[in-house]
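Throughout, residue positions are numbered sequentially from 1 according to the sequence presented.
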Amino acid sequence: MKTSKVSAFQLVFSTVLSLTILSGGTSLWLASQPKLSEYQVRVLEKSTATWQTGVGAIFGLLGSKATDLLEAEEEEEQENTSS
């Protein structure tokens, strides 16, 4: 039976991915402008920092998910061999 319930991982991952793409796009757009005001420079710095943090978080989330999947696979193999 398939449930339509969204897992916590999917919710967190999609939120982090969305914010990362948004801040990366903002950084690219501001970086392409010929002249920036003082406030735009601040937004560029903050969006770049947010993008960098988001990329790190994405890799961390994927790494933890991969570890969980590998551990579950090992447990399943152990159960199959002990049966």
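- Closest heavy-atom contact between Ser27 and Ser47: OG-OG, 2.8 Å.
- Leu61 and Leu17 fall within the same hydrophobic cluster, defined by Ile, Leu, Val, Met, Phe, Trp and Tyr side-chain heavy atoms under 4.5 Å apart, directly or through other members.
- Shown here for Val16 and Gly54, the closest heavy-atom pair between the two residues is CG1-O, 3.9 Å.
- Residues Leu36 and Leu28 do not share a hydrophobic cluster, defined by chaining ILVMFWY side chains whose heavy atoms lie under 4.5 Å apart.
- Atom OG of residue Ser23 and atom CD of residue Gln52 lie 9.5 Å apart, to the nearest 0.5 angstrom.
- Contact between Lys35 and Gln40 at its shortest, heavy atoms only, is O-OE1, 4.0 Å.
- The stretch residues 32-65 participates, sequence neighbours left out, in no ring pair (Phe, Tyr, Trp, His ring centres under 6.0 Å) pair at all.
- Linking Ile, Leu, Val, Met, Phe, Trp and Tyr residues whenever their side-chain heavy atoms come within less than 4.5 Å leaves Leu19 and Val55 in two separate clusters.
- The hydrophobic cluster containing Val12 also contains Ile21, counting ILVMFWY residues as joined when their side-chain heavy atoms lie under 4.5 angstrom apart, directly or transitively.
- Atom CZ in Phe13 sits 10.5 Å away from atom OG1 in Thr15 (nearest 0.5 Å).
- Taking every heavy atom of both residues into account, Leu30 and Leu44 meet most closely at CD1-N, 3.7 Å.
- Remark: the backbone N or O of Ser7 is paired with a side-chain donor or acceptor of Gln10 at under 3.5 angstrom.
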